Number of protein chains: 2
Amino acid sequence: MANKNFDFQSLKVKLAERGLKVTSQRLVIFQCLLKYNEHPSAEMIFERIKDDHPSISLATVYKTLDTLVEAGLAKKIESWDALKRFDAKTEQHTHLFCINTNEIIDFEDAELSGLLEEYFKRKEFKNFTVTDFQLQINGQIGDKSKSIKLKQLK
Amino acid sequence: MANKNFDFQSLKVKLAERGLKVTSQRLVIFQCLLKYNEHPSAEMIFERIKDDHPSISLATVYKTLDTLVEAGLAKKIESWDALKRFDAKTEQHTHLFCINTNEIIDFEDAELSGLLEEYFKRKEFKNFTVTDFQLQINGQIGDKSKSIKLKQLK
DNA sequence: ATTTGTGCAAAACCTTTGCACTGGG
DNA sequence: CCCAGTGCAAAGGTTTTGCACAAAT
């Protein structure tokens, strides 16, 4: 298991390639992210590593994860945004999410619904019972020319 | 517009049907949720109503929205959970989300990818430029018999 | 009258930030 | 050496909670 592409040696290389300083904290955090691919939060990683590395602080975990994301070595699993948002429409439907304005727009398309329904009807998941699903389509309202990317809220 | 199924009268009925007391706060908040279907956060609703109803507190908005969700009159647009979570796998893929354990599991299926890719290639969105999308499949690990629904975290 | 809902303020929670210190290049 | 990275503690922002008061059935 040592050489499964996330031994320290190859991680060092990856960090260095991106011009990032190689620190023991980054190696530990990066390896933890790769090794248990449980899609952890910063907190979860902190819990995992703190026994073996009691000196690493939670703030460093946060900072390091952001650094890895910036370097393209990890990805944030984006939810709509931090706020929990509500919908009075209780039936299953797809949402368009505008990355500029944070608007959420209902989207219904018989073809898409049909496609997915049919897929889920046919598909067997081993050891997983599906209750529902959500499809979020990200993009921007309007056309490609106005590509300013604000990160506003509210 | 007064009678578009979210006038106070029909909202009163809906609340009463669920055994909820009809209060002016609930009517205002519920109507706001329906009227501007912008998929708001609690904060957004509060902003919208506070000028006309300065006495309604933010805490009430939170509580009322939760009440509506419990009663099945609204839905939380669930993100994975409140925490921002990370993934070392940077390519597009689908996630299975276990509603019992909050685990996130990678899911790849050539058929599904093909289906969606083909759909997006073919589909024209009017006034919306798609950058990417995410499919989250909710359910529980294991089978239907162990249907305990914890809301744990960490 | 009783029970449920509301408003306030405080607490809890998660995440970010400022700054002095440390350590890698 | 120098600058980027780290740790601490404090601040920031969002959501939840406890409790006394108000309102609905």
Side-chain angles (χ1 to χ4, degrees), chain A residues 8-9 11-30 32 40-47 49-50 53-71 73-74 76-86 102 151-154, chain B residues 8-9 11-30 32 40-47 49-50 53-71 73-74 76-86 102 151-154:
Chain A
F8 277 0
Q9 213 33 249
L11 299 190
K12 277 184 193 176
V13 174
K14 289 195 178 187
L15 292 172
E17 278 173 356
R18 266 62 173 195
L20 299 176
K21 280 189 180 168
V22 177
T23 68
S24 64
Q25 292 92 333
R26 285 181 174 170
L27 289 173
V28 168
I29 293 166
F30 192 12
C32 183
S41 63
E43 194 90 34
M44 286 164 161
I45 290 197
F46 181 66
E47 288 304 317
I49 64 177
K50 77 172 181 197
H53 308 273
S55 66
I56 299 182
S57 77
L58 179 55
T60 298
V61 176
Y62 275 105
K63 286 173 184 167
T64 300
L65 287 171
D66 284 344
T67 306
L68 292 177
V69 170
E70 271 172 47
L73 293 171
K76 250 184 189 143
I77 301 182
E78 286 291 356
S79 21
W80 310 85
D81 55 52
L83 297 179
K84 291 167 189 161
R85 293 174 68 169
F86 294 85
N102 278 354
K151 194 63 191 180
Q152 75 192 44
L153 187 45
K154 282 174 193 172
Chain B
F8 277 1
Q9 213 32 253
L11 300 190
K12 276 184 192 175
V13 173
K14 289 195 176 184
L15 291 172
E17 279 174 357
R18 266 58 176 200
L20 299 177
K21 282 189 180 171
V22 177
T23 67
S24 64
Q25 294 90 333
R26 285 182 173 170
L27 289 173
V28 167
I29 292 167
F30 192 11
C32 182
S41 62
E43 194 89 33
M44 285 165 161
I45 291 198
F46 182 65
E47 289 302 317
I49 65 177
K50 78 171 177 197
H53 308 274
S55 66
I56 299 182
S57 77
L58 180 56
T60 298
V61 176
Y62 274 106
K63 286 174 183 165
T64 300
L65 288 172
D66 284 345
T67 305
L68 293 177
V69 170
E70 272 173 47
L73 294 171
K76 250 183 191 145
I77 301 181
E78 285 290 359
S79 17
W80 309 87
D81 55 51
L83 297 180
K84 291 169 189 159
R85 293 173 67 167
F86 294 84
N102 280 353
K151 194 63 188 180
Q152 75 191 48
L153 188 44
K154 284 173 194 174

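The structure displayed is predicted, hence computed values, not measured ones. So that the names make sense, note that chain A is the first sequence line, chain B the second, and so on, each numbered from 1.
Atom pair L58(B):CG and dA12(C):P shows a separation of 19 Å (rounding to whole Å applied). One atom, CG of L65(A), and another, C1' of dC14(C), lie 14 Å apart when rounded to the nearest Å. Counting to the nearest Å, the P atom of dG7(C) and the CD1 atom of I29(B) are 8 Å from each other. When the P atom of dG12(D) is taken as reference, atom CD of E43(B) falls 16 Å away, rounded to whole Å. Computed from coordinates, the L27(B) CG to dT6(C) P distance equals 10 Å when rounded to whole Å. The distance between atom CD of E47(B) and atom P of dG13(D), rounded to the nearest whole Å, is 14 Å. Per the geometry, CD belonging to E70(B) stands 13 Å off P belonging to dT4(C), to the nearest Å. Following rounding to the nearest Å, L15(A) (CG) and dA4(D) (P) show an atom-to-atom distance of 16 Å.
Annotation: the span from L65(A) atom CG to T60(A) atom OG1 amounts to 10.5 Å, rounded to 0.5 Å.
Of the side-chain N and O atoms in Q25(B), one or more sit less than 4.0 angstrom from OP1 or OP2 of dG7(C). For T60(A) and dT6(D), the shortest distance from a side-chain N or O to OP1 or OP2 is not below 4.0 Å. Proximity of R26(B) to the phosphate of dT4(C): no side-chain N or O atom is located under 4.0 Å from OP1 or OP2. For dG24(C), the OP1/OP2 oxygens have no side-chain nitrogen or oxygen of T23(A) closer than 4.0 Å.
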Should R18(A) and E70(A) be marked as a side chain to side chain contact (heavy atoms under 4.5 Å, CB included) after you check the CA-CA gap, both sets of side-chain angles, and the distance that decides it? CA-CA 10 Å; R18(A) 266 62 173 195; E70(A) 271 172 47; over 6 Å; no
Verify side chain to side chain contact (heavy atoms under 4.5 Å, CB included) between L27(A) and L15(A), making sure each step is shown before the conclusion. CA-CA 9 Å; L27(A) 289 173; L15(A) 292 172; 4.0 Å; yes
Under the side chain to side chain contact (heavy atoms under 4.5 Å, CB included) criterion, do I45(A) and T64(A) qualify, and how do the steps go? CA-CA 11 Å; I45(A) 290 197; T64(A) 300; over 6 Å; no
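In this structure, R26(A) and K21(A) approach most closely via the heavy-atom pair NH1-O, 3.0 Å.
Comparing atom distances between the K63(A) side chain and each of dT15(C), dC8(D), dT6(C) picks out dC8(D) as nearest. You'll find that the side chain of I56(B) is closest to dG7(C), out of dG7(C), dG7(D), dG5(C).
Interface remark: the K50(A) side chain does not form any donor-acceptor pair with the dG7(D) base, using a distance-only criterion of under 3.5 Å.
With DNA chain C read from its 5' end, the first of the two nearest nucleotides for S55(B) and S24(A) is the one closest to S55(B). Residues K21(B) and A59(B) both approach DNA chain C. Their nearest nucleotides, taken by heavy-atom distance, put K21(B) toward the 5′ side.
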